[in-house]
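Structure first, commentary second.
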Amino acid sequence: MGDEGKIHVYYGEGKGKTTAAVGQTVRAAGAGLRVLVFQFLKDNSSSERMVLEKLPGVTCIPGRDKVKFYSQMSEAERLDIKNYNKMMLDEIIKLCDSFDILFLDEVLCAISLDALDEDRLLGFLRAKPKRLEVILTGHEVSGKVLEIASYATEMKKRKHPFDAGFGARAGIEY
């Protein structure tokens, strides 16, 4: 894998951010690398999680059992999720020495919603174990994160069934 781990960013309004990161996770596991996964702002029921939990070399840190959309949370719930996300990032930082890759799904959304402190994430990324590869996903990305990223891929929506009133489907959108 080389001496220095890179930072990958998958962002944008288009479909495929988590899908691309999961593909990278599968590729890494297939090469015998150890991957740590945490999904911010999601519960433990996503379809990709069901498979990732079964892959040798992949460790999924459990999140909360039920997570509301951030827009539906009260101020107290928002403060609670921000404190929870801070605690989880601190725990992840302690664990990541034992892994080759860290996949933080929707971490960029947590930052843009102020459900996670960006400076805390940036501090970790700048001081991460040298060989650790880090994958970040979310809709919006700040210039600060882009500046330290090694790879940045924007997913841009051109067309989506949601625009025609269709809902999300298990195994396709989640």
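Nothing here was measured: the structure is a model prediction, and the numbers come from that model.
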Checklist entry - So, Gln39 and Glu48: side-chain donor and acceptor under 3.5 Å apart, yes or no? => result yes

Next on the checklist: Contact between Arg49 and Pro62 at the side-chain level, heavy atoms closer than 4.5 Å - yes or no?
Outcome noted: yes

Item to check | Nearest-0.5 Å distance, OG1 of residue Thr25 to CD1 of residue Ile135 | outcome: 4.5 Å

Checklist entry - Just by distance, with hydrogens left out, do Ser142 and Glu118 show a side-chain donor and acceptor under 3.5 Å apart? => result yes

Next on the checklist: Would the distance check show the side chain of Glu133 and the main-chain N or O of Gly5 forming a donor-acceptor pair, the cut-off being under 3.5 Å?
Outcome noted: no

Checklist entry - Linking I/L/V/M/F/W/Y whenever any side-chain heavy atoms sit under 4.5 Å apart, do Leu79 and Leu41 land together? => result no

Next on the checklist: Within a 6.0 Å radius of atom NZ on Lys144, are there more than 12 heavy atoms belonging to other residues, nucleotides or ligands?
Outcome noted: no

Item to check | Side chain to side chain, Leu121 and Leu104, heavy atoms closer than 4.5 Å | outcome: yes

Next on the checklist: Pair Asp105, Val37 - check side-chain contact (heavy atoms from CB on, under 4.5 Å), show working.
Outcome noted: CA-CA 8 Å; Asp105 192 27; Val37 178; 5.6 Å; no

Item to check | SB check Arg64 Asp80 (cutoff 4.0 Å) | outcome: yes

Checklist outcome for this item: Interatomic distance, CE@Met155 vs OH@Tyr10, rounded to 0.5 Å, equals 6.5 Å

Item to check | Backbone N/O of Gly12 and side chain of Lys17: donor-acceptor pair under 3.5 Å | outcome: yes

Checklist entry - When you look at Ile61 and Leu95, which way does the side-chain contact (heavy atoms from CB on, under 4.5 Å) test go after all the steps? => result CA-CA 10 Å; Ile61 298 173; Leu95 294 172; 3.9 Å; yes

Next on the checklist: Looking at every heavy atom in both Val107 and Leu116, which two are closest together, and how far apart are they?
Outcome noted: CG2-CD2, 3.5 Å

Next on the checklist: Restricting to non-hydrogen atoms, name the atom on Ala21 and the atom on Thr137 that form the minimum distance, rounded to 0.1 Å.
Outcome noted: CB-CG2, 3.8 Å

Checklist entry - Which is it for Phe124 and Cys96 under the side-chain contact (heavy atoms from CB on, under 4.5 Å) test, yes or no, and what are the steps along the way? => result CA-CA 11 Å; Phe124 161 68; Cys96 68; 3.8 Å; yes

Checklist entry - Roughly how far, to the nearest 0.5 Å, is the CE atom of Met87 from the CG atom of Leu89? => result 11.0 Å

Item to check | salt bridge (charged side-chain N to carboxylate O under 4.0 Å, His left out) pairs, two or more places apart, involving residues 154-167 | outcome: Lys157-Asp163

Checklist entry - Shortest non-hydrogen contact from Gly138 to Glu106? => result CA-OE1, 3.9 Å

Checklist entry - Counting only heavy atoms not in Glu147, do more than 12 fall under 6.0 Å of its CD? => result no

Checklist entry - Honestly curious: do Val58 and Val51 fall in one hydrophobic cluster under the side-chain, below-4.5 Å linking rule? => result no

Next on the checklist: Taking salt bridge (charged side-chain N to carboxylate O under 4.0 Å, His left out) as the cut-off, I'd like each qualifying pair that reaches into residues 82-93, sequence neighbours left out, listed once.
Outcome noted: Lys82-Asp114, Lys86-Asp90, Asp90-Arg120, Glu91-Lys94

Next on the checklist: Evaluate Lys128 against Ile7 for side-chain contact (heavy atoms from CB on, under 4.5 Å), listing each step before the verdict.
Outcome noted: CA-CA 10 Å; Lys128 72 176 184 59; Ile7 297 171; 4.1 Å; yes

Next on the checklist: When you group the ILVMFWY residues by side-chain heavy-atom contacts below 4.5 Å and let the links chain together, are Ile148 and Val141 in the same group?
Outcome noted: yes

Checklist entry - Which value, rounded to the nearest 0.5 Å, describes the distance between Phe99 atom CZ and Thr59 atom OG1? => result 4.0 Å

Checklist entry - Does the side chain of Val22 reach to within under 4.5 Å of the side chain of Phe103, using non-hydrogen atoms? => result yes

Checklist entry - Parallel under 30°, tilted from 30 to 60°, perpendicular over 60°: which one fits the rings of Phe38 and Tyr84? => result tilted

Item to check | Shortest non-hydrogen separation from Asn85 to Ala115 and the atoms involved | outcome: ND2-O, 2.8 Å

Item to check | Residue pair Asn44 / Gly63: nearest heavy atoms and the distance that separates them | outcome: OD1-N, 2.7 Å

Item to check | Leu113 CG to Tyr70 OH distance, which is reported to the nearest 0.5 Å | outcome: 6.0 Å

Checklist entry - Is it true that Arg34 and Asp100 make a salt bridge, defined as a side-chain N closer than 4.0 Å to a carboxylate O? => result yes

Next on the checklist: With clusters defined by side-chain heavy atoms of hydrophobic residues (ILVMFWY) lying less than 4.5 Å apart, directly or transitively, does Leu146 cluster with Leu125?
Outcome noted: yes

Next on the checklist: Quick check for you: to the nearest 0.5 Å, what is the distance between Leu136 atom CG and Leu102 atom CG?
Outcome noted: 8.0 Å

Next on the checklist: To check you understand the geometry: which heavy-atom pair defines the closest contact between Ala29 and Pro56, and what is its length?
Outcome noted: CB-O, 3.7 Å

